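Report on one structure; see the data block that follows.
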Amino acid sequence: MVKVDQEIQALAASLSRTVGADDSRDFTHTREFWAREPQRSLSWAMLATPDEYQGEERVRVAASGATARQVVDRWTAQLPALKGIRWLELPSMASQPLLEAACMLPALEALRIPANAITDLKALESCKSLRYLQIGTSSSIASIEPLAKLTGLNWLQLDNLKCARNLDPLGSLVGLIGLGFTGAEFKGFTVDSFQPLRYLQNLEWLHLGAVHAVDMSLEPFAALRKLEFLGLGNYFPLAEFAHLSLHLDASVCEWAQPFVRLHSSVLPCRRCNENWKVITSGRGGRALCPTCDSVKLARHVARFNAARGAAAASAFSHGQ
């Protein structure tokens with residue numbers, strides 16, 4: 001027991017010299033598709049009515065105010081004839097008929113649908129040219145099953161879709177390089193398991209935001225060797241993050257390490273007024289100052305390292 005205490009004290013002494021903040025982190029690789037270049041700088045035609053269309057390839061439909069419904073009806077009627085549109089953003093609260101009209105565009109490559117009143121995604125199955133798709137918050141969509149047919153997709157983002165507890169339909173989208181599946185911030189959203197995502201071997205960007213999993217397993221992500229970014233909430237057991245750290249670097253998933261250092265503007269320590277607090281990895285993560293809480297932090301780091309060692313030993317014994 002004395003030996004363990006001595007090891008913790010030595011680790012605490014080392015950790016006490018850790019600067020708790022990190023202002024040098026590069027977040028460019030964490031950006032979603034629409035916030036990246038060249039998409040971010042693309043010129044879009046903001047059109048209030050379909051009569052304004054003059055052959056543009058990228059169109060944002062603007063419909064708001066008291067006449068929004070009438071405007072949407074006009075777009076629904078005329079949109080299929082605007083065959084030159086390749087990138088399309090529908091207005092907030094887009095309707096089911098408007099989605100179906102958009103899916104009749106033969107050259108449609110990118111489709112953004114903000115918060116909406118859509119009920120059925122089946123119309124998307126006819127979009128053979130679709131490569132980039134974002135679907136915003138919806139409480140009315142009954143199923144994501146039709147997405148399984150969109151095998152040509154390169155990038156898919158789904159925001160807070162209440163129907164999507166089972167991710168099996170996404171497992172067939174093996175061409176994806178980017179997948180965002182996020183719940184509402186500060187609100188729990190739970191899926192059965194992340195297991196279907198293990199088949200998406202081409203993924204480079206995976207953001208799972210505020211999503212929890214019933215089985216609490218992060219094991220599927222160990223198979224995704226091309227990942228450059230994995231965004232997860234700190235909702236999972238320490239042992240899961242420790243096991244994940246055997247396969248993914250902390251530069252890919254920030255929780256694949258014992259603790260995370262944030263920007264200096266976030267958690268200054270009010271006790272010592274000299275350092276910043278870090279957040280420990282694992283469900284129930286704590287904010288600890290490396291200076292003031294060095295022993296507590298050392299115990300956590302020791303538990304993380306022990307869990308990582310146990311996972312490595314288990315993998316070796318199973319020939320993995």
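Keep in mind the model is a prediction, meaning the values are calculated, not measured. In this chain, numbering begins with 1 at the start of the sequence shown.
Screening F229, F221, F181 for a side-chain contact (heavy atoms from CB on, under 4.5 Å) involving L206 leaves a single residue, F221. The only member of Q134, R112, H207 that meets side-chain contact (heavy atoms from CB on, under 4.5 Å) when paired with Q157 is Q134.
Heavy-atom contacts from other residues, nucleotides or ligands closer than 6.0 Å to CZ of R60 number more than 12. Within 6.0 Å of atom OH in Y53, more than 12 heavy atoms from other residues, nucleotides or ligands are found, so the atom counts as buried in its surroundings. Other residues, nucleotides and ligands place no more than 12 heavy atoms under 6.0 Å from the CZ atom of R286.
By the 4.5 Å heavy-atom criterion applied to side chains, V260 and N234 are not counted as neighbours. Under the 4.5 Å side-chain criterion, counting only non-hydrogen atoms from C-beta, S95 is not in contact with L99. Using a 4.5 Å heavy-atom cutoff, the side chains of L170 and L156 are in contact. With contacts defined as side-chain heavy-atom distances shorter than 4.5 Å, the pair P91/P114 does not qualify. Side-chain contact between L288 and K277 is absent, with no heavy atoms from C-beta onward closer than 4.5 Å. Residues V191 and F189 meet the side-chain proximity criterion, which asks for heavy atoms closer than 4.5 Å. Taking 4.5 Å as the limit, some side-chain heavy atom of R165 sits within range of a side-chain heavy atom of V214. When side chains are defined from C-beta on, L200 counts as touching L179, because their heavy atoms get closer than 4.5 Å.
Between K296 atom NZ and C289 atom SG the span is 11.0 Å, to the nearest 0.5 Å. We find the OH-CG distance between Y132 and N154 to be 5.0 Å, quoted to the nearest 0.5 Å.
Ion pair K122/E145 not flagged as a salt bridge, since none of the NZ, NE, NH1 or NH2 atoms sits closer than 4.0 Å to an Asp/Glu carboxylate oxygen. Between K226 and E204 there is no salt bridge, since none of the side-chain N atoms of the basic residue sits less than 4.0 Å from a carboxylate O of the acidic one. E109 has no carboxylate O lying under 4.0 Å from a charged side-chain N of R131, or vice versa, which leaves the two without a salt bridge. By the 4.0 Å N-to-carboxylate-O rule, R271 lies close enough to D293 to be salt-bridged with it. The pair R283-E240 fails the salt-bridge criterion, with no side-chain N (NZ, NE, NH1 or NH2) lying under 4.0 Å from an Asp/Glu carboxylate O.
In this structure a side-chain-to-backbone donor-acceptor pair under 3.5 Å is missing from E100 to L98. Judged by distance alone, the side chain of S126 and the main-chain N or O of A123 form a donor-acceptor pair under 3.5 Å. N202 places no side-chain N or O within donor-acceptor distance of the main-chain N or O of I177, the cut-off being under 3.5 Å. Within the 3.5 Å criterion, the main-chain N or O of A48 finds a donor-acceptor partner in the side chain of E52.
Stacking of R261 on the aromatic ring of W276 is not recorded, the 6.0 Å distance cut-off and the 45° axial limit not both being met.
Between W34 and W87, the two ring planes are perpendicular [angle over 60°; tilted spans 30° to 60°].
Side-chain contact, S251 with D249: a donor N or O sits under 3.5 Å from an acceptor N or O.
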Distance-only donor-acceptor hits, side chain of residues 306-313, under 3.5 Å, sequence neighbours excluded:
{"from": "R308", "atom 1": "NE", "to": "S245", "atom 2": "OG", "distance (Å)": "2.8"}
{"from": "R308", "atom 1": "NH2", "to": "S245", "atom 2": "O", "distance (Å)": "3.2"}

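Using a 4.5 Å cut-off between side-chain heavy atoms of Ile, Leu, Val, Met, Phe, Trp and Tyr, with links allowed through other members, V301 and L267 fall into different hydrophobic clusters.
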Worksheet item: Passes side chain to side chain donor-acceptor pair (under 3.5 Å), T137 versus D159? Steps please.
Response: CA-CA 5 Å; T137 299; D159 304 329; over 6 Å; no
Discussion item. Pair F33, W155 - check ring pair (Phe, Tyr, Trp, His ring centres under 6.0 Å), show working.
Written reply: CA-CA 7 Å; F33 176 77; W155 201 288; 5.4 Å; yes
